[in-house]
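Reviewing the structure listed below.
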Amino acid sequence: MPKEEIDKIKRNLSGNPDLDRDYLVSQLEYYKGHEYSYEIIKEISHLILQSLDFYLIEDIGSKKTMASRILDEVMQYIETRDKRTAKEKLDKYMESFVDKYENKEDHKESDFNSNRSIREIQYIRYRENKLADSPKSFRVSPKKDRQVNWRKDVKIKKMESNSIEEIHEKEYHSFLNPLEEILFYHYIGLKKELAYIPFNEPLFDLYYLYGTLLFESDEYGKSEEYLLKALRINPVSSKTILALADIYKSKTRTYNRFFLYNVDALKFAYRNEDIARAYRNFGFFYVEENQLDVAAAFYDFSLNYDYNKHVVKELEYLKSRGVDTQIETEEAVGIIESKNIQVGVNDFVLDALKFICFDLDSRKHTSQALYFYRILYDLTKDNQVLGRINALSNKI
């Protein structure tokens, strides 16, 4: 049982919030391959939340809910690779589950043109004059459409009424981190007043997990239903969009939706594995279109972000068909651009990451800055970013 490891982690806490956050972040990495990684990492995450200032929260809802208890139980089966039992538990739970936070309408990509004041956005004010003091290499391009208001001085409001009428005057979301919230406001925006799903109601995780388990059981229609529920909670979740793309790859007459979902996933992605997965999907698409040279370019380009044995086999197959798979990066980029598909990481994602890193670093929020610097380095392999990671790590 993980109690001994958790007790050891707690004994090493100093009582200094900044130092403790840095220590806890390092323990997340240390225990990720542990036999009881889920239980340990969950406890570490709770400890981090107690001192983390990404969000200034009035009441994060530490009380266990049925949803959080079910997720904990199901994840234990997932950890032991017993997906069958995990799915059976969720099948039973979802039969009677009523989601009082459900967003009824799908979001569609649109400009954010709203007369509402964005009172709920937390973190910082994202404006051009705020960037004036940042290093030149970390500045965001001064475009009007990149002005996003994020305020750190606003506390999450408790839901004051449970009436159906009042609940549906709002739309409910949850995001993994501030970067995702920036992406949401920049690309999608609000139709109603924003409200946050409480931390102790892990609905996104439940829907996403259940949707993937349903997909693996070939229940494609039901899988789509629950993955779309997850996407309505976090419309910029690349992993959810890619999971939906897998359904449209398997069970539709054409690949139109499959193609478009991969375009969206690539736009929002800030993890190498998601970027690589989108490019692999484009490779598959162009094999089906019998454009084998194009497919080879996408498959080869995906290896820049994540090594995948399936891709190597696909390239070997294409080579056996007479396709030149020795593709220079410049040539691959030209082919991708010719298909009007994003090359590499979305520039807006990189700009937002640079700004977040600089702001957190300048305010001496070391653990949070390290979190985003590491994401930025994984995407760019920038030696300047690596140097800053090493400098901050040495302060721990």
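For the single chain, residues carry numbers from 1 onward in sequence order. Please read these numbers as outputs of a predicted model, since none were measured by experiment.
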- Message: Checking Tyr279 against Val311 for the side-chain contact (heavy atoms from CB on, under 4.5 Å) test, could you report, in this order, the C-alpha distance in whole Å, the side-chain angles of both residues, the deciding distance, and whether it holds?
- Response: CA-CA 10 Å; Tyr279 282 124; Val311 168; over 6 Å; no
Practice item. Walk me through it: do Lys249 and Asp246 pass the test salt bridge (charged side-chain N to carboxylate O under 4.0 Å, His left out)? Key: CA-CA 5 Å; Lys249 172 183 175 181; Asp246 284 343; 5.3 Å; no
What one should report as the nearest heavy-atom pair of Leu376 and Lys354 is CD2-CG, 4.0 Å
So CD1 of Ile247 and CG of Leu228: to nearest 0.5 Å the spacing works out to 7.5 Å
Handout entry: Ring geometry between Phe175 and His173 (parallel below 30°, tilted from 30 to 60°, perpendicular above 60°)
Key = parallel
(Q) Assigning hydrophobic clusters by single linkage (Ile, Leu, Val, Met, Phe, Trp, Tyr; side-chain heavy-atom cutoff under 4.5 Å), is Tyr286 placed with Ile335? (A) yes
Next item on the list: For the pair Lys89 and Gln76, evaluate side-chain hydrogen bond (donor to acceptor under 3.5 Å, both in side chains) and give the outcome as yes or no after the intermediate values.
Entry: CA-CA 11 Å; Lys89 292 285 183 182; Gln76 291 180 31; over 6 Å; no
Identify whether the distance between the nearest side-chain nitrogen and carboxylate oxygen of Glu171 and Lys191 falls below 4.0 Å.
-> no
Self-check item: Carboxylate-amine/guanidinium proximity below 4.0 Å for Arg374 and Asp378
Solution: no
Output for pair (Ile375 CD1, Leu370 CG), nearest 0.5 Å, gives 11.5 Å
- Query: Take atom NZ in Lys381; do more than 12 heavy atoms of anything else shown fall under 6.0 Å from it?
  - Reply: yes
Fill in: Parallel, tilted or perpendicular, as decided by the 30° and 60° cut-offs, for the rings of Tyr172 and Tyr101
perpendicular
Quiz prompt | Validation row, ring centre Phe97 to ring centre Tyr93 under 6.0 Å | solution = yes
To the nearest 0.5 Å, atom CG of Leu213 lies from atom OH of Tyr77 at 13.5 Å
For Arg84, look at atom CZ and say whether over 12 heavy atoms of other residues, nucleotides or ligands are found less than 6.0 Å away. no
Please report whether the ring centroid of Tyr220 lies less than 6.0 Å from that of Phe215.
yes
Does some side-chain heavy atom of Arg277 sit less than 4.5 Å from a side-chain heavy atom of Tyr305?
no
* **Check: Thr85/Asp82 side-chain N/O donor and acceptor closer than 3.5 Å** => yes
inquiry  = Heavy-atom count check: over 12 atoms from other residues, nucleotides or ligands less than 6.0 Å from Lys222 NZ?
reply    = yes
Donor-acceptor pair, side chain of Ser237 and main chain of Asn234, under 3.5 angstrom: no
Whether Ser217 side chain and Glu219 backbone form a donor-acceptor pair below 3.5 Å: no
Correct closest heavy-atom pair for Ala296 and Leu315 would be O-CD2, 3.8 Å
#### Entry: Side chain to side chain, Leu266 and Asn262, heavy atoms closer than 4.5 Å
no
OG of Ser302 to CD1 of Ile275, rounded to nearest 0.5 Å, is 11.5 Å
Test item: Lys64 and Asn200 side chains (from C-beta on) under 4.5 Å apart, heavy atoms
no
Rounding to 0.5 Å, atoms CG (Asn346) and CG (Leu183) come to a distance of 7.5 Å
Of Phe301, Tyr261, Phe298, Tyr299, the one forming a ring-ring contact (aromatic ring centres under 6.0 Å, His included) with Phe282 is Phe298
Taking every heavy atom of Asp274 against every heavy atom of Lys239, the minimum-distance pair comes out as OD2-N, 4.1 Å
Under a 4.0 Å N-O cut-off, is there an ion pair linking Lys229 with Glu224? no
Residue pairs passing the salt bridge (charged side-chain N to carboxylate O under 4.0 Å, His left out) test with at least one member in residues 301-319, sequence neighbours excluded, are Arg280-Asp306
*Are Tyr317 and Thr325 side-chain neighbours, meaning at least one heavy-atom pair lies under 4.5 Å?*
no
Exercise for review: Could you tell me whether the side chain of Phe259 reaches within less than 4.5 Å of the side chain of Tyr248, counting heavy atoms only?
Suggested key: no
With the side chain counted from C-beta on, respond yes when Leu90 and Tyr207 share a heavy-atom pair under 4.5 Å apart, and no when they do not.
no
- Distance-only side-chain donor-acceptor flag, Tyr371 / Asn177, under 3.5 Å: yes
Can you find a pair of side-chain heavy atoms, one from Gln342 and one from Val263, that are under 4.5 Å apart? no
TODO: Look at the aromatic rings of Phe348 and His186 and report parallel, tilted or perpendicular, splitting at 30° and 60°.
DONE: parallel
On a heavy-atom basis, the closest approach of Asn290 and Arg321 is OD1-NH2, 4.2 Å
Side chain proximity check, Leu379 to Leu353, heavy atoms < 4.5 angstrom: yes
key: Steps toward side-chain hydrogen bond (donor to acceptor under 3.5 Å, both in side chains) verdict (Tyr373, Asp361)   = CA-CA 9 Å; Tyr373 272 130; Asp361 196 350; 2.8 Å; yes
d(Ser68 OG, Glu201 CD) to nearest 0.5 Å is 7.0 Å
